[in-house]
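Computed from heavy atoms alone, side chains included, the values below leave out hydrogens, waters and symmetry copies.
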Amino acid sequence: IKSTHLPALMLALLALGAIGKAMAFDWAPSDQSAKGIAGAKPVLVALVKFLDVPNSLDPSHFKKLVFSDLNRYLMEISYGKVSIVGDVTDKWFPLPKPLSSYTDPNVNRGMRQLRFVEDAVKAIDGSVDFTKYEFIIIVHSGRNSLISGDPRDMESFASRGPYRIDTSEGRVSVGVTVVAEYDPLGPFAHGILRNFGLENLYLWRDGRIIDPVEEWDPMAHGYWAADGDSPVHPCAWNKLKLGWIGYEEVASVGDGEAST
């Protein structure tokens with residue numbers, strides 16, 4: 001594997017790394033960092049719907065999207081080192097509140113996200129055994145505000161590393177990704193890579209996104225490639241962090257130089 005853009009990215013990545021913990025969601029552990037990820041990872045896809053937003057898609061849609069499309073993507077970018085297996089809930093479970101309860105601008109964003117995750121876990125608790133899974137992808141009815149542009153919709157998000165949740169089986173630590181019913185592959189990929197411990201390579205400042213890595217990594221804007229249907233590979237820096245390539249497989253190339 002040769003990376004010709006590694007030197008150009010390093011300064012931007014290192015700069016973002018210095019503020020990475022500040023970019024984590026408020027309810028996520030602050031001491032998580034990426035480490036070697038390998039093997040078949042058990043994933044639960046939990047389908048939940050707001051009181052006032054009915055679902056449209058069948059559970060079979062997410063079985064294909066996650067355990068076929070997302071699995072194929074992870075196998076490709078990890079060079080066969082990582083796969084996902086697991087289950088999709090056989091129905092959509094109702095949440096106790098309307099959508100507006102989880103998008104109220106007067107409530108801290110981290111608190112809104114925490115409230116949503118807690119309510120979603122309670123909604124499906126008793127119907128699944130949480131101890132069987134390392135990761136949970138919670139899919140809610142409706143749309144992602146990052147796609148719709150409507151602040152009344154909820155923004156997709158994910159924990160950096162595992163998050164502790166209380167269930168009828170006791171307290172378990174799982175990576176949590178929250179996506180919308182109509183989200184394409186990209187947000188699913190971005191979320192689970194964040195669960196693996198990778199940092200977001202962008203941040204919001206004064207109402208705008210600072211995104212120096214742009215389309216070069218799915219932890220930046222690259223998860224929206226082809227309108228989110230074909231997220232890009234992580235850059236060499238992130239693949240090194242996850243243990244998917246070795247340093248001997250990375251070529252450092254200067255300005256005006258080429259490597260094959």
Side-chain angles (χ1 to χ4, degrees), residues 1-10 12-14 16-17 20 23 32-45 62-86 133-137 146 156-162 174-179 183-202 211-253 259-260:
I1 309 304
K2 301 297 184 181
S3 176
T4 59
H5 60 274
L6 183 61
L9 288 175
M10 286 304 294
L13 294 176
L14 290 171
L16 283 169
M23 300 190 304
Q32 293 299 322
S33 59
K35 57 184 178 180
I37 300 291
K41 301 299 182 182
V43 174
L44 171 67
V45 181
F62 302 98
K63 183 175 182 179
K64 176 183 181 300
L65 182 59
V66 174
F67 297 110
S68 178
D69 299 345
L70 180 59
N71 181 59
R72 186 182 306 113
Y73 171 76
L74 292 173
M75 288 282 288
E76 178 182 323
I77 65 175
S78 69
Y79 310 105
K81 291 181 174 66
V82 175
S83 62
I84 52 174
V85 296
Y133 306 101
E134 289 184 42
F135 303 94
I136 299 176
I137 299 175
L146 293 175
S156 295
F157 59 93
S159 66
R160 184 178 172 222
V174 291
V176 178
T177 290
V178 175
V179 289
D183 274 353
L185 177 61
F188 286 78
H190 177 87
I192 201 163
L193 288 172
R194 185 164 169 80
N195 295 163
F196 287 172
L198 294 183
E199 301 176 33
N200 288 333
L201 299 181
Y202 61 86
D211 186 16
V213 183
E214 298 181 337
E215 284 79 19
W216 288 106
D217 196 284
M219 303 314 293
H221 195 68
Y223 74 99
W224 290 114
D227 293 326
D229 290 331
S230 184
V232 302
H233 274 230
C235 67
W237 187 68
N238 272 333
K239 289 184 180 182
L240 286 166
K241 292 173 69 175
L242 292 171
W244 293 346
I245 60 174
Y247 284 92
E248 72 280 359
E249 297 174 278
V250 178
S252 295
V253 182
S259 177
T260 59

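- In this structure, P42 and E134 have side chains that are in contact, with non-hydrogen atoms separated by less than 4.5 Å.
- Closest heavy-atom contact between L240 and G246: CD2-C, 3.6 Å.
- Using a 4.5 Å heavy-atom cutoff, the side chains of F196 and P234 are not in contact.
- To the nearest 0.5 Å, atoms CH2 (W244) and CG (N238) are separated by 9.0 Å.
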Inset, instruction - List the steps, then state whether side chain to side chain contact (heavy atoms under 4.5 Å, CB included) holds for H190 with N200. - result: CA-CA 9 Å; H190 177 87; N200 288 333; 3.0 Å; yes
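- Rounding to the nearest 0.5 angstrom, the gap separating the OG atom in S68 from the CD1 atom in I84 is 9.5 Å.
- Atom CG of L201 and atom CH2 of W237 lie 6.0 Å apart (nearest 0.5 Å).
- With sequence neighbours left out, Y133 forms a ring-ring contact (aromatic ring centres under 6.0 Å, His included) with no residue at all.
- Between the H221 side chain and the E215 main chain, no donor and acceptor come within less than 3.5 Å of each other.
- A189 and P231 make their closest contact through CB-CG, 4.0 Å (heavy atoms, listed as atom of the first residue, atom of the second, distance).
- Within the 4.5 Å cutoff, the side chain of L242 has no heavy atoms near those of the V82 side chain.
- Using a 4.5 Å heavy-atom cutoff, the side chains of P187 and W224 are in contact.
- For Y223, the side-chain hydrogen bond (donor to acceptor under 3.5 Å, both in side chains) criterion is met by no residue, not counting sequence neighbours.
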Inset, instruction - Show the numbers, then the answer: is there a side chain to side chain contact (heavy atoms under 4.5 Å, CB included) between F135 and T177? - result: CA-CA 8 Å; F135 303 94; T177 290; over 6 Å; no
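- Scanning for side-chain contact (heavy atoms from CB on, under 4.5 Å) contacts around V174 gives I136, I165, V172, V176, with sequence neighbours left out.
- The side-chain contact (heavy atoms from CB on, under 4.5 Å) search around S230 returns A226, not counting sequence neighbours.
- Not counting sequence neighbours, the partners of F62 by the ring-ring contact (aromatic ring centres under 6.0 Å, His included) test are W92.
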Inset, instruction - List the steps, then state whether side chain to side chain contact (heavy atoms under 4.5 Å, CB included) holds for F67 with V43. - result: CA-CA 9 Å; F67 297 110; V43 174; 4.2 Å; yes
Inset, instruction - For side chain to side chain contact (heavy atoms under 4.5 Å, CB included), just list the numbers for S83 and L74, CA-CA rounded to whole Å, side-chain angles, deciding distance to a tenth of an Å, and then say yes or no. - result: CA-CA 6 Å; S83 62; L74 292 173; over 6 Å; no
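- Residues M219 and L193 form a side-chain contact, since some pair of their non-hydrogen atoms from C-beta on lies under 4.5 Å apart.
- Taking all atoms of both residues into account, the shortest heavy-atom contact from A220 to V213 is CB-CB, 3.7 Å.
- Pairs passing the salt bridge (Lys or Arg N to Asp or Glu O under 4.0 Å) check and including a residue from residues 71-82, sequence neighbours excluded, read D69-R72.
- Residues E199 and R160 have side chains in contact (heavy-atom distance under 4.5 Å, counting atoms from C-beta outward).
- D183 is linked by a side-chain hydrogen bond (donor to acceptor under 3.5 Å, both in side chains) to N144, S156, counting only residues two or more places apart in sequence or in another chain.
- Using bins of under 30°, 30° to 60° and over 60° for the plane-to-plane angle, the ring pair Y79/H233 lands in the tilted bin.
- Judged purely by atom type and a 3.5 angstrom limit, D229 has no side-chain atom pairing as donor or acceptor with the backbone of L185.
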